[in-house]
Number of protein chains: 2
Amino acid sequence: MEERVKQIKQQLSAHNYKLTPQREATVRVLLENEEDHLSAEDVYLLVKEKAPEIGLATVYRTLELLSDLAIIHKLNFGDGVTRYEFRAEGAEHHHHHLICLHCGTVDEITDDWLGPIEKRVEKQFDFQIIDHRLTFHGICHRCKDQVKDPKKLVGSKVT
Amino acid sequence: MEERVKQIKQQLSAHNYKLTPQREATVRVLLENEEDHLSAEDVYLLVKEKAPEIGLATVYRTLELLSDLAIIHKLNFGDGVTRYEFRAEGAEHHHHHLICLHCGTVDEITDDWLGPIEKRVEKQFDFQIIDHRLTFHGICHRCKDQVKDPKKLVGSKVT
DNA sequence: ATTCTGTCGATATCGACTATCAGATAAGAA
DNA sequence: TTCTTATCTGATAGTCGATATCGACAGAAT
Ligand SMILES: [Zn+2]
Ligand SMILES: [Zn+2]
Ligand SMILES: [Zn+2]
Ligand SMILES: [Zn+2]
């Protein structure tokens, strides 16, 4: 934890940015909820618990900054809000997500399974891949007994 | 074309919806620009050329209706607007997209290359897949000579 | 004719996000 | 120190895509 904060502080100062108290509070909230895919509003409310004087704009600015420096990723799960998560340290690509259409839970596949497909894309389409996003929509193991007609869940969600 | 319109008319009436002139105009615009990933605003402007009396709300309502009936898909390419495209007839799953970070073009992989990975997900995570989204971000063949440092393009886009 | 239902266009409203701007803060120079 | 400068912050107004609301209208049913 302290290690990660220190590391991020260095990444910031390498680009002539300071780890201000507000930025540090935001980073700590992200670190403490690393598996939760928080929205900006989520982060704002959590930061406010520790530092009530912080403004929403500052949270947005900090998230944008961390995103610009490739420290965190912006995610979109089709619910209209941008969510944020740390990039895996050293990982080249984004990991994959499993979204349950019944309970909304987002699980993760931390391994990158797209290697062979990427090779095929690069060759067949002459497309140089920098990153990818892969999301599966379906019924998670916790819900499978409660859903009778999965086809009914093919709604009108954005993705 | 006429065939597709007729088919959509039947899909609507099967759910007790009518293919009104406004809805038909919207459907035709979608059909005539099938490869373009139009936004609601795009559709609105194109429909207005033929039927100037149509309202923006009606376009949104029609797109939502077509989406509910699984006739079209809602897409999000990280630029803040929802885009729409027809579902491939009979295709179980959504196709894949290649987004160029330099020129913004969206190309398509119409084949489904995820079969083996889906099997693995279903088994390993006990997750019943209903649909998926796969997007590659990178440099398209048209831009590859103009981009020297692809790493620089790893911006803060939502995806 | 009268009611009911579905649909329409116009427009107000919503919510996530961004831009603006005056004041605070921190680093440098004198 | 004191002045200067650039960076950062909080409050808030504004933007923009999307949705909700509402009165009007057409077709079907009674
Ligand atoms: Zn579930
Ligand atoms: Zn994740
Ligand atoms: Zn390109
Ligand atoms: Zn497409």
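To find a chain, count down the sequence lines: A is the first, B the second, and so on, and within it residues start at 1.
- Screening residues 63-76 of chain A for salt bridge (charged side-chain N to carboxylate O under 4.0 Å, His left out) gives A:Glu64-A:Lys74 as the qualifying pairs, with residues at least two apart or on separate chains.
- For DNA chain C, no neighbouring residue in residues 24-46 of chain A is found when judged by any heavy atom under 4.0 Å.
- With a 4.5 Å cut-off between side-chain heavy atoms of Ile, Leu, Val, Met, Phe, Trp and Tyr, the cluster of B:Leu134 takes in A:Leu98, A:Ile109, A:Trp113, A:Leu114, A:Ile117, A:Val121, A:Phe125, A:Phe127, A:Ile129, A:Leu134, A:Phe136, B:Leu98, B:Ile109, B:Trp113, B:Leu114, B:Ile117, B:Val121, B:Phe125, B:Phe127, B:Ile129, B:Phe136.
- Distance, A:Leu63 CG to C:dA16 C1': 13 Å, rounded to whole Å.
- A donor atom on one side chain and an acceptor atom on the other are not found under 3.5 Å apart for B:Thr26 and B:Arg23.
- Every side-chain hydrogen bond (donor to acceptor under 3.5 Å, both in side chains) that B:Arg83 has, sequence neighbours left out, goes to B:Asp79.
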Problem - Under 4.0 Å protein heavy-atom contact, by nucleotide of nucleotides 4-9 of chain C - B base, S sugar-phosphate only - result: ---SBB
Give every pair of a protein N or O atom and an N or O atom of nucleotides 28-30 of chain D that lie under 3.5 Å apart, one pair per line with the distance.
none

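- Atom CD of A:Glu64 and atom C1' of D:dT7 are 18 Å apart (whole Å).
- Rounded to whole Å, the distance from OH on A:Tyr60 to P on D:dC8 is 21 Å.
- Residue pairs satisfying the salt bridge (charged side-chain N to carboxylate O under 4.0 Å, His left out) criterion with at least one member in residues 95-121 of chain A, sequence neighbours excluded, are listed as follows: A:Asp107-A:Arg142.
- Scored by the ring pair (Phe, Tyr, Trp, His ring centres under 6.0 Å) test, A:His132 finds A:His93, A:His96 as partners (sequence neighbours excluded).
- Residue pairs meeting the ring pair (Phe, Tyr, Trp, His ring centres under 6.0 Å) criterion with at least one member in residues 50-71 of chain A: none, sequence neighbours excluded.
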With a 3.5 Å cut-off and sequence neighbours excluded, list the donor-acceptor pairs that the side chains of residues 3-13 of chain B form with protein atoms.
| unit_1 | atom_1 | unit_2 | atom_2 | d |
| --- | --- | --- | --- | --- |
| B:Arg4 | NH2 | B:Glu34 | OE2 | 3.2 |
| B:Ser13 | OG | B:Lys9 | O | 3.2 |
| B:Ser13 | OG | B:Gln10 | O | 3.1 |

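- Sorted by first and then second residue, the ring pair (Phe, Tyr, Trp, His ring centres under 6.0 Å) pairs with a member in residues 11-35 of chain A form an empty list; sequence neighbours excluded.
- Under the ring pair (Phe, Tyr, Trp, His ring centres under 6.0 Å) criterion, the residue pairs touching residues 19-55 of chain B are B:His37-B:Phe77, B:His37-B:His97, with sequence neighbours excluded.
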